[in-house]
Amino acid sequence: MSTVSRRRFLKISGCGAGLAAAASAAPYLPGAQASAQDGELRRVPTFCDVCFWKCGAIATVKGGKLWKIEGNPEDPLSRGRLCPRGTGGVGAHLDPDRLRAPLIRREARGREEWVEVTWDQALDRIAEKLQAIEKSHGPEAVAMFSHGIGGAFLKHTIKAFGSPNIAAPSYAQCRGPRDVGFSLTFGEDVSSPERTDIKNARCLVLIGSHLGENMHNTQVQEFAEAIGNGASVIVVDPRFSVAASKAKHYLPIKPGTDLALLLAWMNVLVTEGLYDREYVEAYGYGFDAFESIVAQYTPEWAYARTTIPPQLIRETAREMARQRPATLVHPGRHVTWYGDDAQRSRAIALLNALLGSWGRRGGFYSQASMDVPGYPYPPYPKPDRPRADNPGKRYPFADGALSTGIREATLTGEPYPIKGWLVYATNLLQALPNQEETIRAIRQLDLMVVVDVVPSEIAGWADVVLPESVYLERHDELNVEWFREPFVALRQPVVDAPHEQKPNWWIARELAKRLGLERYFPWTDIDDYLRRRVESAGLDYDRLKRDGILRGARQPIYFDEGVPAEFPTPSGKIEFYSSQLAAAGFDAVPKYTPPDEPPPGYFRLLYGRSPVHSFSRTQTNPILAEMMDENEVWLNADIARRYGLASGDRVRLRNQDDVLSDPIRVKATQRIRGDCVYMVHGFGHTARGLRSTRGKGASDASLITRYTIDPLMGGNGMSVNFVKLELEA
Ligand SMILES: Nc1nc2c(c(=O)[nH]1)N[C@H]1C(S)=C(S)[C@@H](COP(=O)(O)OP(=O)(O)OC[C@H]3O[C@@H](n4cnc5c(=O)[nH]c(N)nc54)[C@H](O)[C@@H]3O)O[C@H]1N2
Ligand SMILES: Nc1nc2c(c(=O)[nH]1)N[C@H]1C(S)=C(S)[C@@H](COP(=O)(O)OP(=O)(O)OC[C@H]3O[C@@H](n4cnc5c(=O)[nH]c(N)nc54)[C@H](O)[C@@H]3O)O[C@H]1N2
Ligand code: SF4
Ligand SMILES: [Mo]
C-alpha cells in the first residue's frame, strides 16, 4: 500500500559518486574482534536498540569493558545525541536478571520451572516439535510474533519453513490504524520514522502524542528546534503532559472525544474559508460531499462532547490556518485508543489535507532510501493457506498481520489450527490486551518458543526459552532507512556476550539447518552476509564498519522541490470522500460516535511512556531502574482529597471486570482531569526471574481486559477500561 513509484523514483542507486562525503572523526577500530589491551579505548559505531528508532551510536570500551555509549554525529536520526534510554543502554549488557543459557520447561506451562540445557538440546527439541506440527497441521500452523529489526533472520527461517503467519504488536496495538487512515486519504502512510517535518513546522498540533515523554529522539530534538524557532504549539491531552507545558494552547479534552474536536476544527476551516482552496482544488477528490457533511459539526456541537470551549476551538483552528501549509497536525503513533482509531486518524489526515501540509515544508515530507538489494535467497515456498489472522477479510482495510487475530485463530482453531508460536522480542502478556485470552491461547499450543534477553512474563509460559545476546553484543540486519535523506546503518558487536547467549542470526540459521532449510542460509557467517548486501549496492562495507553509517545525497523532499504530487488512492487524489470506505459499508467521511462513559465511581484508565523506559523491556536495566524503578497512578488532586489520598499513598486499581492491580503509589496532581487516571506502561512485572523489578508498580496491561476492535482494520482500542480505587491498609 505504501511503496509507490514516487519513492522508487527517489531511491538512489548506491554509486559512490552519489554519496555525500561523510566526514569521519578519528578512525574507529573495528568491532569486538579487535583485541583490547588493558586501559585501551576502543570506539565502535553501531545503532541503538533500546527502542525501535535505531539511533546511530558510538560505544566506547575501556580496558575490555563497556564504558559508555553516545550518539554518532554522522547519524541523521541521533544527530550525535542519544535519549536517556539510549545512553542507559549500557545497562542492557549489565542487567543482573539476564537469561544465561537455553532453558527447557520442567513443570506445567507457566510454572517457571526450568532445566538449563545446551543449545544443541534446545534447538533439536524445537526442530523436532516444529516438524511434528508441520506433519499434522501443515507449516502454516506455526506462527511467529516479533518486534524489531532483530527478528529479521528468524522471520526468514519461518517463511522458508512455509508459514505466512508473522505478526508484530506494532500494528494492531500501535500504529496500524494511523497508517490505514492516512493511506485511505493520501494513498500513502506516514511510516517509521515518521515523515513529519517537525523542525520546520510553524504550528505543531499534538493530539495525545506526548513528545518529551515519548522520547523518539529525532522528533524530540526537532520539537525543541521548532519551539526555539517560535512555532506555536497546540496540545490536546486529558493530562497536562510535558508537551503541554510547552504549548501556546492546551486543550484538556475529555478522553475519547478527539474525533469531535477534529470535525469541529475542519468545520471552522471550511465554513470560515480558511483552508487551502488552491491545494484542495488541485489535489482533492469528493470535497463537496465532505463539505456538506462537516457543516453540521460546529464548535458548539463539539463543546458538549469534548468540554473544549467553542472560542478555543475557533481560535486554534484559525492559528492552524494562519501558519499553513507549515502546520503539522501530528499523526501520533500509539493510536489504538477507542476502536474508531482508523477513522480518527483519517480525520487527522483530512485536517492536514485542508491545511495543505502533505508534501510541503513544515508538514509531511517525502522520504528517500538507498537502494540496497536483498540477499539473493531462493524463493520461499508458497503457503497452501493464506494468513490466519483475518479470515474472510473480516477487517477489509487491514494491511498488516493482526497479533490478536493469530491469538484468536489459536483459540478457536479457525480458519485452521495454530499449534506453534515462536515469540521473538515481544512480551505478549504486556503488549496484547486481555492477558487471560493470551494464556488460554498458549494452552492450546503444542510448542511455544520464546527468544528473549530476560525471563520475561511471556518467557514464563514457554516450553523452550532461548537467551539472546543484547544488541551491544551482536550483528543484526542492516538498517536501510527511509528518512529525510537516504542512509544505511550497521549494528555490530561492541563487547562479547557474557554467558551462553547467542545472536538471532545464529539461532535462525541453526534452526533452519535442523529443519533441512540450510539452502536458505548460503552465507558463511554474518559478516559475509552483510558484506554481500552492502557491496551489491556498490557501497563500501569496510567504511560502513568503520563509520557505522553511509549517507546518500539529499533528495528533493517537498512538492516545490520537484517531488511529484502523486496520490496513489483509487481516484489518484486526496480522498476527502472515500469511495473505498463507502463501498465496504463504512463512513466515507468520518463520523463521531461517543465513547462509553465510566460507571459511577470509576475512572477511565489511560497510559503512556516514561522518558527513561521503553515499554516493558527496560525495567531490569540497572541504569534506567536507578532513574525510575516503579510507576505511579496520576489522580486529579481534588479527587484525591475526596478519597483522603495524598501523593505517595498506595492504592490498588480494580477494573470493570473485577481484576485487581498490584499496589501502586498515587501521584495527586492538578495536571489530569477528574474523569481519568494515568500510569506509565511497562511496570508491575510478575515473572519470577525478573528479580530486580518484580513487584514494583502496577501493570496497565493486567487491567486492560476489555478492548474494542477497529472495524476497518482490526486494531485494538485499549483505552476503554475503567478502574476504581481501593485503598491499601
Ligand atoms: N520513552 C519512551 N518513548 C517511546 C516509547 C517508549 O516505550 N518509551 N515507545 C515508542 C512507541 S513504539 C510509541 S508507539 C510511542 C507512543 O507514544 P505516543 O504516540 O505519544 O502515544 P500516545 O498514546 O499518543 O500518548 C499517550 C498520551 O496520550 C494521552 N491520551 C490518552 N487518552 C487520550 C485521548 O483520548 N485523547 C487525547 N487527545 N490524548 C489522550 C495521554 O495522557 C498521554 O499523554 O512512543 C514511542 N516513544
Ligand atoms: N497495555 C499496553 N499495551 C501496549 C502498549 C501500552 O502502552 N500499554 N503499547 C503498545 C505499543 S505502542 C507497542 S509498539 C507494543 C510494544 O510491544 P513489545 O515490543 O512486545 O514491548 P515489550 O513489552 O517491551 O516486550 C519486549 C520484549 O523483548 C525482550 N527483549 C528486549 N531486548 C531484546 C533483544 O535484544 N532480543 C530479544 N530476543 N528480546 C529482547 C524484552 O525482555 C521483552 O520481553 O506494545 C503495545 N501494547
Ligand atoms: S530514541 Fe532513544 S532508545 Fe530509541 S533508539 Fe534512539 S537513543 Fe535509543
Ligand atoms: Mo508503538
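Because the structure is predicted, anything quoted here is derived from the model rather than measured. For ligands, and for the atoms within them, numbers begin at 1 and follow the listed sequence. We use all heavy atoms of the structure for the numbers below, so side chains are in, but hydrogens, waters and symmetry mates are not.
Scanning all protein heavy atoms for the shortest distance to atom 31 (C) of ligand 1 gives L606 CD1, 3.8 Å. For atom 17 (O) of ligand 1, the closest heavy atom belonging to the protein is N214 ND2, 3.3 Å. Nearest non-hydrogen protein atom to atom 42 (O) of ligand 1 is D237 OD1, 2.7 Å. Counting protein heavy atoms only, atom 27 (C) of ligand 1 is closest to G208 O, 3.2 Å.
No N or O atom of T257 sits closer than 3.5 Å to an N or O atom of ligand 1. Between V236 and ligand 1, a contact under 3.5 Å exists for at least one N or O pair. When only interatomic distances are considered, the shortest N/O to N/O separation between F615 and ligand 1 falls below 3.5 Å. Ligand 1 has no nitrogen or oxygen under 3.5 angstrom from a nitrogen or oxygen of K254. Checking only distances, H334 does come within under 3.5 Å of ligand 1, N or O to N or O. At least one N or O atom of W337 sits closer than 3.5 Å to an N or O atom of ligand 1.
A search for side-chain contact (heavy atoms from CB on, under 4.5 Å) contacts involving A342 returns P177, V180, D710, L712, M713, not counting sequence neighbours.
Relative to atom 8 (N) of ligand 1, the option among M215, H613, R617, R671 with the closest non-hydrogen atom is H613. The nearest non-hydrogen atom to atom 36 (N) of ligand 1, considering only D258, L251, V242, comes from D258. Comparing P238, A243, C676, P331 by heavy-atom distance to atom 33 (C) of ligand 1, the nearest is P238. Nearest to atom 6 (C) of ligand 1 by heavy atom, out of H147, R609, R333, is R609.
Atoms of ligand 1 found under 4.0 Å from any heavy atom of P255 (numbered from 1 in listed order, with element): 35 (O). Of all atoms in ligand 1, numbered sequentially from 1 with element shown, those under 4.0 Å from a heavy atom of P611 are 1 (N). When each atom of ligand 1 is checked for a heavy atom of I207 under 4.0 Å away, the hits are 38 (N). Below 4.0 Å from some heavy atom of S614 lie the following atoms of ligand 1, by number and element: 6 (C), 7 (O), 8 (N). Here is the list of ligand 1 atoms found below 4.0 Å of a heavy atom in S209: 20 (O), 24 (O). Contact atoms of ligand 3 toward M215: 1 (S) (distance under 4.0 Å to a heavy atom of the residue).
Taking the six-membered ring where tryptophan is involved, the planes of F186 and F182 are tilted, since the angle between them lies from 30° to 60°. Ring planes of H147 and F52: tilted class, angle from 30 to 60°.
Under 4.0 angstrom from ligand 1, the non-hydrogen atoms of E213 all belong to its backbone. Counting heavy atoms under 4.0 Å from ligand 1, residue S610 touches it through the backbone alone. With a 4.0 Å heavy-atom cut-off, ligand 1 is reached by the side chain of I253 but not by its N, CA, C or O. Only the side chain of C174 comes within contact range of ligand 1, with a heavy atom under 4.0 Å; no backbone atom does.
For D197 and K199, the salt-bridge test fails: no basic side-chain N is under 4.0 Å from an acidic carboxylate O. The pair R706-D596 meets the salt-bridge criterion, since a charged nitrogen lies less than 4.0 angstrom from a carboxylate oxygen. Between K254 and E597 a salt bridge is recorded (basic side-chain N to carboxylate O distance below 4.0 Å). Comment: E194 does not engage R175 in a salt bridge, judged by the lack of any side-chain N to carboxylate O separation of less than 4.0 angstrom. At a threshold of 4.0 Å, the pair R98-D95 does not count as salt-bridged, since none of the basic side-chain nitrogens sits closer than that to a carboxylate oxygen. One finds no salt bridge joining E315 and K248 here, because no Lys/Arg side-chain nitrogen approaches an Asp/Glu carboxylate oxygen to under 4.0 Å. Remark: E225 engages R79 in a salt bridge, criterion side-chain N to carboxylate O under 4.0 Å.
Under the side-chain hydrogen bond (donor to acceptor under 3.5 Å, both in side chains) rule, N716 has a single partner from T708, T404, N434, which is T404. Evaluated for a salt bridge (Lys or Arg N to Asp or Glu O under 4.0 Å) with E630, the options R665, K696, K667 yield exactly one hit, R665. Each of D237, T307, N636 was evaluated against R673; a single residue qualifies, T307, per the side-chain hydrogen bond (donor to acceptor under 3.5 Å, both in side chains) test.
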side-chain hydrogen bond (donor to acceptor under 3.5 Å, both in side chains), that's the test. Do E319 and S232 meet it? Break it down for me.
CA-CA 8 Å; E319 177 66 15; S232 63; 2.6 Å; yes
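Considering every non-hydrogen atom in both S78 and N72, the closest pair reads OG-O, 3.3 Å.
Crowding of E626 atom CD: a count of heavy atoms from other residues, nucleotides or ligands under 6.0 Å not exceeding 12. Y303 OH: 12 or fewer foreign heavy atoms inside a 6.0 Å radius.
Residue I348 holds its CD1 atom at 9.0 Å from CH2 of W265, rounded to the nearest 0.5 Å. In this structure, CG in D49 is found 5.5 Å from CZ in R474, a value given to the nearest 0.5 Å.
At least one heavy atom of Y338 lies less than 4.0 angstrom from ligand 1. Heavy atoms of S719 come nearer than 4.0 angstrom to ligand 1 in no pair at all. The closest approach between any non-hydrogen atom of G256 and ligand 1 is below 4.0 Å.
The number of protein N/O/S atoms found under 2.8 Å from atom 8 (Fe) of ligand 3 is 1.
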